[in-house]
Amino acid sequence: MTYKTILYEVAEGFASITLNRPEKLNAFTAELHGELREAIASAAEDVDIRALLLTGAGRGFCAGQDLNDRATAPGKAPPDLGHTLDSLYNPLIRSLRALPKPVVCAVNGVAAGAGANLALACDIVLAARSARFIQAFCRLGLVPDSGGTYFLPRLVGHARALGLALLGEPLSAERAAEIGLIWQCVDDDKLAAEARKLAGLLAALPPVGLALIKRAINAPSANDLDRQLDLERDLQRIAGRTEDYREGVNAFLQKRKASFKGR
Ligand code: LHQ
């Protein structure tokens, strides 16, 4: 498949999507949204793809919405940004969360606005030491979108979520890792290799089990312990009936490397 605004590659059991508008720090246009949607759908459908890796080309990860598309002229009717979210951003965030495969995000540079929250919607986020996370919305008179108001308080707590969202100050990758916003901060020159290594490791693990783990951890945080215990029981029942579970146990007992088939 060839795209204009992303790169899409499949190797070693995982798909890599690289946002590819480096001259605009990979800011979102309608075309980028469309291509990203298509690529995620192909990764979802292909049973040989067991993980997804998302990153950006050039010195930025993603600067959020391309504001060139959003210039407003006096007298023009105000835009319906709710429609923009309904048609472009919300389906994207939902598709990543619902994808029954782990998504690794390698934040290679600045992640601002919807770009920052796109990263937070992924399952394991690595960031280059030079990367920055910016909840830029407040500077435009907007509300954090793309799941920002959901992810931020859950990941870093109410006080830090409000600080980040109201002030819009850049947060370093190192600090983001310290406060639990992301999984890990790695040296710039190691990011790509580390992210590929991680995606490869995930691709070699039992796919059904990983999909069920993602479902359990992403279950509504309003679940009380009883409801979550019931959910774990239901998911474990499914996991226990897979061939991969049997293979995992047998491989351990026979002291050999397991080979998982996704069944
Ligand atoms: C850009 C952008 C950009 C266009 C850098 N657009 N060109 C949802 C619903 C609908 C509407 C509104 O939005 C949303 C969600 C959102 O995402 S709102 C938040 C939108 N994003 C921002 O407000 C971030 C704007 N960008 C910045 O503040 C800076 O560019 C950051 C801090 C990201 C990076 O700063 P620098 O490293 O100093 O780079 P730069 O500013 O020089 O940018 C490099 C180029 O990229 C430059 O183009 P040029 O032709 O002058 O070289 C920028 O204009 C362009 N660029 N972000 N969002």
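None of these values were measured; they are calculated from a predicted model. For ligands, and for the atoms within them, numbers begin at 1 and follow the listed sequence.
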How close does the nearest protein non-hydrogen atom get to [atom], and which residue and atom is it?
atom                    : value
atom 6 (N) of ligand 1  : Leu67 N, 2.8 Å
atom 41 (O) of ligand 1 : Leu25 CD1, 4.9 Å
atom 48 (O) of ligand 1 : Lys24 NZ, 3.7 Å
atom 13 (O) of ligand 1 : Gln65 CB, 3.2 Å
atom 9 (C) of ligand 1  : Asp145 OD2, 3.8 Å
atom 10 (C) of ligand 1 : Leu81 CD2, 3.7 Å
atom 37 (O) of ligand 1 : Arg59 NH1, 2.9 Å

> Say you draw a straight line from CZ of Arg160 to CG of Leu181; how long is it, rounded to the nearest 0.5 Å?
Replying inline: 10.5 Å
>> Could you check whether any side-chain N or O of Asn20 sits under 3.5 Å from a backbone N or O of Ala57, counting only pairs where one atom can act as donor and the other as acceptor?
In response: no
>> Regarding atom 2 (C) of ligand 1: of the candidates Cys62, Ala63, Pro22, which has the closest heavy atom?
In response: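 Among Cys62, Ala63, Pro22, the closest heavy atom to atom 2 (C) of ligand 1 comes from Ala63.
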>> Testing the basics here: between Lys101 and Ala44, what is the closest heavy-atom pair and its distance to 0.1 Å?
In response: NZ-O, 3.2 Å
> Would you call the rings of His33 and Phe28 parallel, tilted or perpendicular if under 30° counts as parallel and over 60° as perpendicular?
Replying inline: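 Parallel, since the angle between the ring planes stays under 30°.
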> Should the proximity of Asp66 to ligand 1, defined as any heavy atom under 4.0 Å, be assigned to the side chain, the backbone, both, or neither?
Replying inline: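 The part of Asp66 near ligand 1 is both the backbone and the side chain.
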> Which part of Phe137 is near ligand 1, with near meaning a heavy atom under 4.0 Å away: side chain, backbone, both or neither?
Replying inline: side chain
> Is the Lys NZ or Arg CZ of Arg154 less than 6.0 Å from the centre of Tyr150's six-membered ring, within 45° of the axis?
Replying inline: yes
